[in-house]
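For reference, the structure is listed below as structure tokens.
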Amino acid sequence: MSTRTFANTLTKTVDELTRPESYKDLYHEHKDGVPLPSGEVLQKIVDLARGIIFPGYYGRSCIDTNTLKYHLGVDTEQLYSLLVTQIQAGLSYSNTNENIIPSAEFVSPCLSHSEMEVRHQAELYAELFISKLPELRRVLATDVVAAFNGDPAAKNYGEIISCYPVIKELTVYRIAHELWNMNVPLIPRMLTEMGHSETGIDIHPGAQIGEYFTIDHGTGVVIGETCIIGKNVKLYQGVTLGAKSFPLDDKGNPIKGIPRHPILEDDVIVYSNASILGRITIGKGAIIGGNVWVTQDVKAGENITQKR
């Protein structure tokens, strides 16, 4: 290809790519100094949070009981700082400025009035999240116990924390779920998709998952936004807790925000590659066998398996 031919091709391609109808709905115009949340920074947030929740297994390898308080203080302060910047970016992206309560206490000559409001709101969200770290650790400790008790191949808790994808994913999910409950935009979905890429487990941050939850092996599990999962529930690889259909409005558009995923009550076990679809209830202590398709309620204690 000659230089002239390439120049013509380049010009034509750029002209086509910059036609407004070409990039409609695919383009985000950044405000000055307010980029989108950063995947790289969010990964640092995940790494810091894992190190705070599971000290010695993630993060600083030199930590001991004598330096624990100091190192956790440093890491928690850094986590707060990173959260503020990322939450501020998420709030700015979603154009929620008009819903933010102004604060006379926060003043910065470098920020406009609306930017100050967004910054202050981001600080409130980040502080609230930091306050929830002890409870996050407590709940994740129950997940570690569930994974250990549910796998005879596991030798100790350290192996569960260090190696098992379910704990890595549940840490990300439970972080994202807290931010989701605060109505922090964009970031919870980014976090859980990062966890999905790392572990092969896809949990929507809106799902509600109780204590002592585990997934054996994990790969291919999908848990939808409006799922409600009780305590002491165990899933195996390939399980889908999904929606059966998407109701449409008068214009034919999907109706969003309605409950459309299953409810699993306490002590339920779902074996590999089962699909449980729609807003149905799987009763307490029920067992769902592998490779089955469930679209109706299951009574407490019932066993659902394939017919011979």
Side-chain angles (χ1 to χ4, degrees), residues 139-155 157 159-161 163-174 177 192-193 195-247 258-308:
V139 175
L140 282 163
T142 72
D143 299 329
V144 171
V145 172
F148 178 77
N149 291 340
D151 187 358
K155 300 298 188 294
Y157 288 166
E159 184 179 1
I160 299 292
I161 295 168
C163 307
Y164 279 44
V166 62
I167 298 304
K168 293 180 180 180
E169 170 58 19
L170 284 178
T171 304
V172 175
Y173 154 74
R174 294 199 186 279
H177 183 66
T192 52
E193 288 307 321
H196 181 196
S197 297
E198 180 183 11
T199 66
I201 301 170
D202 184 0
I203 306 177
H204 193 285
Q208 301 175 46
I209 300 178
E211 300 172 3
Y212 294 95
F213 176 69
T214 190
I215 306 172
D216 202 357
H217 303 296
T219 306
V221 166
V222 177
I223 301 176
E225 174 191 9
T226 61
C227 276
I228 300 176
I229 298 176
K231 296 180 180 179
N232 197 36
V233 170
K234 183 177 185 180
L235 310 181
Y236 282 79
Q237 69 273 15
V239 167
T240 296
L241 306 180
K244 184 171 63 175
S245 61
F246 300 93
I258 60 174
R260 59 195 183 279
H261 300 100
I263 299 171
L264 276 59
E265 295 184 345
D266 296 349
D267 306 317
V268 167
I269 299 174
V270 185
Y271 283 93
S272 58
N273 299 312
S275 294
I276 304 175
L277 307 178
R279 191 58 161 189
I280 61 175
T281 298
I282 310 301
K284 177 179 171 64
I287 297 176
I288 308 299
N291 297 297
V292 298
W293 181 277
V294 183
T295 58
Q296 295 180 339
D297 289 347
V298 175
K299 295 178 181 178
E302 190 172 0
N303 291 357
I304 303 297
T305 58
Q306 294 189 58
K307 293 181 179 179
R308 293 186 178 180

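This structure is a prediction, so every number in the text was calculated from the model and none was measured.
Residues passing the salt bridge (Lys or Arg N to Asp or Glu O under 4.0 Å) test with E198 are R50, sequence neighbours excluded. Legend: residues meeting ring-ring contact (aromatic ring centres under 6.0 Å, His included) with H204, ordered by chain and number and at least two apart, are W180. Residues meeting the side-chain contact (heavy atoms from CB on, under 4.5 Å) test with Y212, sequence neighbours left out: T142, V145, A146, N232. Every residue meeting the salt bridge (Lys or Arg N to Asp or Glu O under 4.0 Å) condition with E193, not counting sequence neighbours, appears here in chain and number order: R189. The side-chain contact (heavy atoms from CB on, under 4.5 Å) test applied to H217 returns Q237, not counting sequence neighbours. The ring-ring contact (aromatic ring centres under 6.0 Å, His included) test applied to F213 returns no partner, not counting sequence neighbours.
The two atoms that bring G224 and A207 nearest to each other are O-CB, 3.4 Å, heavy atoms only. Contact record, I160 with A147: CG2-CB, 3.7 Å, taken as the closest heavy-atom pair. Closest non-hydrogen pair, G230 versus D266, comes out as CA-OD1, 3.3 Å.
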Using atom types as modelled, flag every donor-acceptor pair under 3.5 Å from a side chain in residues 269-294 to any protein atom, sequence neighbours excluded.
from	atom 1	to	atom 2	distance (Å)
R279	NH1	T226	O	2.5
R279	NH1	H261	O	2.8
K284	NZ	D267	OD2	2.6

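Expressed to the nearest 0.5 Å, how far CD1 of I215 lies from CD1 of I203 amounts to 4.5 Å. The CG atom of D202 sits 11.0 Å away from the CG atom of L241 when rounded to the nearest 0.5 Å. Atom CD1 in I167 sits 12.5 Å away from atom CZ in F148 (nearest 0.5 Å). Distance check: Q208 CD to L264 CG gives 13.0 Å after rounding to the nearest 0.5 Å.
Looking at T199, its side chain does come within 3.5 Å of a backbone N or O of I201 through a donor-acceptor pair.
Within the structure, salt bridge (Lys or Arg N to Asp or Glu O under 4.0 Å) pairs that include any residue of residues 207-235 comprise R138-E211, E225-R260 (at least two apart or interchain). Applying the side-chain hydrogen bond (donor to acceptor under 3.5 Å, both in side chains) rule to pairs touching residues 146-155 yields D151-Y164, sequence neighbours excluded.
A heavy-atom distance below 4.5 Å is not found between the side chains of D143 and V166. Residues R174 and I209 have side chains in contact (heavy-atom distance under 4.5 Å, counting atoms from C-beta outward).
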